Amino acid sequence: MKKRVAEIFKPFLGEEPPVNLPKNREFGHYAIPVFKYAKAQKRNPAEFARELGEKVVQREEFEKVEPVGGFLNLTLSQKFLDQFANRVLEEGEEFGKGSAPVKESILLEYISANPTGPLHIGHGRGAVFGDALLRIGRHLGHKIVAEYYVNDAGRQIYLLGLSLWLAGREELGLPVEYPEEYYRGEYIKELAKGGLKELGEEPFRNESGVEQLAEWGKDKMLEEIKRDLEAMGITPFDNWVSEKEIFTRWEEVRQLLEKAGALYEKDGKVWLKSTQFGDDKDRVVIREDGRPTYLAGDIVYHWDKFRRGFDRYINIWGADHHGYIARVKSAIKFLGYDPAKLEILLAQMVKLLKGGEPFKMSKRAGNFILVRDLVEEVGADPMRFIFLTKKPDTHLEFDIDQLSQQDSSNPAFYINYAHARIRSIFRKIGKEYRDFIPVELNSLGEEEKALLFSAFQLPYILEEAFTHREPHRLTNYLYRLASDFHSYYNRTRILETPEEAERLKVVAVIATILKLGLGLLGVTAKERM
RNA sequence: GACCCCGUAGCUCAGUUGGAUAGAGCGUCACCCUGCGGAGGUGAAGGUCACAGGUUCGAAUCCUGUCGGGGUCGCCA
């Protein structure tokens, strides 16, 4: 819509001018600041705006063209609004589909939490963030592959086995000596009990059982993670990539790195010369005892990603991994790929309060808050919403009690309620949205025009939300739209008025947009509350 | 010390590509039910956009510096 307006001005200005959305409704739907063009011609901006206005005032798209200072304010005609309303009603939830100006193939990797414990709310934030990006991006027409990297090898998995072994032994009354590092927490005890039932007591008798328990426990945890994802309504992943499996290609990658002069030996270890491409220090990839570090696996994984030839690679990591970016990018560079194609988004921490009381998260200590518990407490939708109303790179703090509220303080509720109210009207009259396509809009009030206008912004909002990797823009937009609707609905009767048909058409558009937008956030719009 | 994120109303946070009078929710106060869903709406109070410079027609937004809060700095992941 905005694009069409910009195009109208291209012949007069030589380019598509910036088209602003004025905050104040008195200034119309769109405003074009002409300062830049006036200055280039050394003209007075007000005069320039007036002359520009005269050139477009006759067009059917505009009802009013008004120069104010250095701005040219535009009010769209009902005819123009009607055309868009018809498009929304015809296309329904396909509205805006494939509207990205440039379509890319993207490999999106997110969560990738170790299968050593259930997901906590920090993972939850990354999960919801990634899922929203995925849905929005796909709607816009990007080809996105969703991938989860499973760290199913190495020390963390060993520790899982050890922790289960210890917990099982304690359960059996066998002697237990706790080392400094192991996983605590209720889930370990429960899992160990499950292990006793399923595998018998044998693996717990002596230390050789640790490895078996690690393998078994990892599979169990992965299943639990998948259950958690499902409970949150996360779109199923296209790929689950196993570190263990991918690492079988290490020799191949190692040779490539050596050829590129990326590796050297020192103190019996193999180092990556990551300082060459901006890292603070070089990093060990193979330890003295021959075991690879985590980085080695990650290098192979990224090599594998780039070989698959996407336009872009997006990783969503916890903010605590930011120091890791430089070394991964340097490895990519050594392997002959363009590290600029790898975009790493950091999701900041989540702090949870309940009645003002802070909760702390620490996976090791075992007193972290599980996604599962939060879903049980407030439901998946409110949880998704609270994560998606904030920028991912800000520390997020919220009180659980507020999310349990069934009122406007709970955005998930509030938006759904707007949708349900409209559904209720259509249930009552027994008609479909599409039935109103033939209705001509010509006696709309200011509020109705404004409602339609903001509903038509959806494709633009989606584009912005995706390119900035900020799905919260969509959430906030939907909230505003719902709010505008509630306000309108509160003072405007729809049924049994002379304007009934036109008003139904307007709210049908609103409901379509709300449902579509909610869907892209992973929330199913409710028919009734 | 280095690097990353943040600093906007009492609290939690939005603020579009730099654009006109700075926004929401919660909390406080005052209102609106003869109504299609009041689980809603309207209004009031509340601001040195951390601070200081700079860039320009114009800065919460971009640049530099300072201060403050959080995070990371492993041969864990």
Side-chain angles (χ1 to χ4, degrees), chain A residues 18-24 26-27 31 33 35-36 38-39 45 68-71 73 112-114 116 151 154-157 159 181 243 267 269-271 280-281 283-289 291-295 297-298 317-326 346 348-349 351 353 356 363-364 386 389-399 402 405-411 413-414 416-418 420-429 457 460-461 464-465 468 470 472-473 475-477 479-480 483 485-497 500 503-504 507 528-529:
Chain A
V19 178
N20 291 346
L21 291 152
K23 282 171 203 155
N24 193 329
E26 287 167 31
F27 296 136
F35 302 99
K36 193 172 117 186
K39 199 184 178 191
V68 177
F71 291 90
N73 295 334
S112 296
N114 289 347
T116 53
N151 305 123
R155 182 168 167 74
Q156 301 301 322
I157 297 295
L159 280 180
E181 229 185 332
E243 176 185 5
D267 307 333
K269 304 153 201 171
V270 179
W271 299 70
D280 300 342
K281 43 187 158 180
R283 309 289 170 174
V284 172
V285 273
I286 304 288
R287 301 175 179 93
E288 265 176 290
D289 60 7
R291 280 160 45 234
T293 62
Y294 178 77
L295 178 60
D298 231 7
W317 284 354
D320 52 339
H321 288 62
H322 95 265
Y324 214 77
I325 297 173
L346 300 176
Q348 286 287 349
M349 335 216 60
K351 280 184 206 161
L353 302 172
K363 195 163 184 173
R364 294 284 158 76
I386 194 72
T389 45
K390 317 294 180 195
K391 275 190 292 231
D393 57 4
T394 57
H395 302 247
L396 170 60
E397 187 176 314
F398 68 95
D399 200 305
Q402 195 175 336
Q405 304 293 323
Q406 295 296 296
D407 59 34
S408 57
S409 64
N410 179 345
F413 177 86
Y414 185 77
N416 257 313
Y417 181 50
R421 278 177 136 177
I422 300 174
R423 290 306 306 147
S424 164
I425 300 174
F426 280 84
R427 263 199 307 278
K428 188 164 177 161
I429 60 169
Q457 300 308 309
Y460 166 69
I461 299 290
E464 290 289 306
H468 292 269
E470 291 183 350
H472 76 282
R473 294 178 189 228
T475 318
N476 292 343
Y477 161 79
Y479 189 88
R480 276 197 311 275
S483 169
F485 166 76
H486 281 306
S487 173
Y488 166 71
Y489 183 81
N490 218 269
R491 62 171 149 249
T492 314
R493 183 164 178 93
I494 293 173
L495 296 180
E496 291 152 26
T497 63
E500 178 182 297
R503 289 180 179 170
L504 282 167
V507 297
R528 33 168 71 91
M529 301 309 286

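Note that the structure is predicted; figures quoted are calculated from it, not measured. Proteins get letters first, then strands, A, B, ... in listed order; numbering begins at 1 in each. Every heavy atom of this structure was used, including side-chain atoms; hydrogens, water molecules and symmetry mates were not.
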| query | Hey, is the side chain of His472(A) poking within less than 4.0 Å of OP1 or OP2 on rG15(B), counting only N and O atoms? | reply | yes
Among rU42(B), rA20(B), rU16(B), the one nearest any side-chain atom of Ser487(A) is rU42(B)
Which of rU17(B), rC73(B), rG71(B) is nearest the side chain of Glu464(A)? It is rU17(B)
Ile386(A) CD1 to rU12(B) C1', in whole Å, measures 8 Å
Just to be sure I understand the rule, does Thr293(A) reach a base, reach only the sugar-phosphate, or reach nothing, if contact means heavy atoms closer than 4.0 Å?
sugar-phosphate
Rounded to the nearest 0.5 Å, the OG1 atom of Thr497(A) sits from the CZ atom of Arg503(A) at a distance of 4.5 Å
>> Strictly below 4.0 Å, N to O, side chains only: are Asp289(A) and Arg291(A) in salt-bridge contact?
In response: yes
Legend entry - C1'-based separation of rU16(B) from rG23(B) [nearest Å]: 13 Å
note: His486(A), atom NE2; rC33(B), atom P; distance rounded to Å ~ 20 Å
Query raised in the report: rA52(B) and rU28(B): how far apart are their P atoms, nearest whole angstrom?
Result: 34 Å
Looking only at rA14(B), rG40(B), rG74(B), the nucleotide nearest the Thr394(A) side chain is rA14(B)
Margin query: Ignoring hydrogens and geometry beyond distance, is the side chain of His321(A) in donor-acceptor contact with the base of rA77(B) at under 3.5 Å?
Written below: yes
Between CG of Asn476(A) and C1' of rA22(B) the distance, given in whole Å, is 16 Å
When every non-hydrogen atom of Asn151(A) is compared with those of Ser112(A), the smallest separation belongs to OD1-O, 3.8 Å
* Select base, sugar-phosphate, or nothing to describe what Tyr414(A) touches, counting heavy atoms under 4.0 Å on all strands. => sugar-phosphate
For Pro45(A) and Ala38(A), the nearest pair of non-hydrogen atoms, with its separation, is CA-CB, 3.6 Å
Testing rG70(B), rG37(B), rA77(B) for proximity to the side chain of His395(A), the answer is rG70(B)
Please work out if Asn416(A) contacts a base, only the sugar-phosphate, or nothing of the nucleic acid, heavy-atom cut-off 4.0 Å. nothing
Nearest heavy-atom approach of Thr389(A) to Asn476(A) is O-OD1, 3.9 Å
Rounded to whole Å, CG of Asn490(A) lies from C1' of rC31(B) at a distance of 13 Å
Residues Asp393(A) and Gln348(A): closest non-hydrogen pair is O-CG, 3.2 Å
When rounded to whole Å, the NZ to C1' distance for the pair Lys390(A) and rU8(B) reads 14 Å
Of rA24(B), rA20(B), rG37(B), the nucleotide closest to the side chain of Arg528(A) is rG37(B)
Quick note, His468(A) side chain, CB onward, closest among rG37(B), rG40(B), rU17(B) is rU17(B)
Of rU17(B), rG15(B), rU42(B), the nucleotide closest to the side chain of Arg491(A) is rU42(B)
Does the aromatic ring of Phe35(A) sit over the six-membered base ring of rG19(B), closer than 5.5 Å centre to centre and tilted less than 30°?
yes
| request: Considering only atom C1', compute the distance from rA14(B) to rG25(B) and round it to an integer number of Å. | output: 10 Å
Judged by whether its glycosidic angle lies within 90° of 0, rC33(B) is syn
Donor-acceptor pair (no angle test) under 3.5 Å: Asp320(A) side chain, rG71(B) base: no
Whole-Å distance, Gln348(A) CD to rG7(B) C1', equals 14 Å
Does Ala31(A) reach a base, just sugar-phosphate, or nothing at all? Heavy atoms under 4.0 Å. base
Considering only the C1' atoms, how many Å lie between rA44(B) and rA9(B), rounded to the nearest integer? 14 Å
With under 30° as parallel and over 60° as perpendicular, where do the rings of Trp317(A) and His321(A) fit, or are they tilted in between? tilted
*P atom, rA2(B) versus rU64(B): distance in rounded Å?*
16 Å
Of the listed rG37(B), rG15(B), rG74(B), the closest approach to the Lys281(A) side chain comes from rG74(B)
task = Would you classify Lys391(A) as touching base, sugar-phosphate or nothing, given that sugar-phosphate means primed atoms plus P, OP1 and OP2, and contacts are heavy atoms under 4.0 Å?
result = sugar-phosphate
rA20(B) base to Asn73(A) side chain: any donor-acceptor pair below 3.5 Å? yes
Item checked: Span that lies between the C1' atom of rC62(B) and that of rC26(B), in whole angstrom -> 33 Å
Residue pair Arg493(A)/Leu396(A) against RNA chain B: nearer the 5' end by closest nucleotide is Leu396(A)
- Message: I'd like the C1' distance from rG69(B) over to rA30(B), given in whole Å.
- Response: 37 Å
**Prompt:** Using atom C1' of each nucleotide, how far apart are rC31(B) and rC67(B) to the nearest Å?
**Reply:** 45 Å
Atom CD of Glu397(A) and atom P of rG10(B) are separated, to the nearest Å, by 17 Å
Regarding the side chain of Asp393(A), the nearest nucleotide among rC36(B), rC6(B), rU16(B) is rC6(B)
Check your understanding: Does the side-chain ring of Phe71(A) sit on the six-membered ring of the rA20(B) base, less than 5.5 Å centre to centre and under 30° in tilt?
Key -> yes
In terms of the angle between their ring planes, are Phe35(A) and Phe71(A) parallel, tilted or perpendicular, with boundaries placed at 30° and 60°? perpendicular
Rounded to whole Å, the OH-P distance (Tyr417(A) to rG37(B)) equals 9 Å
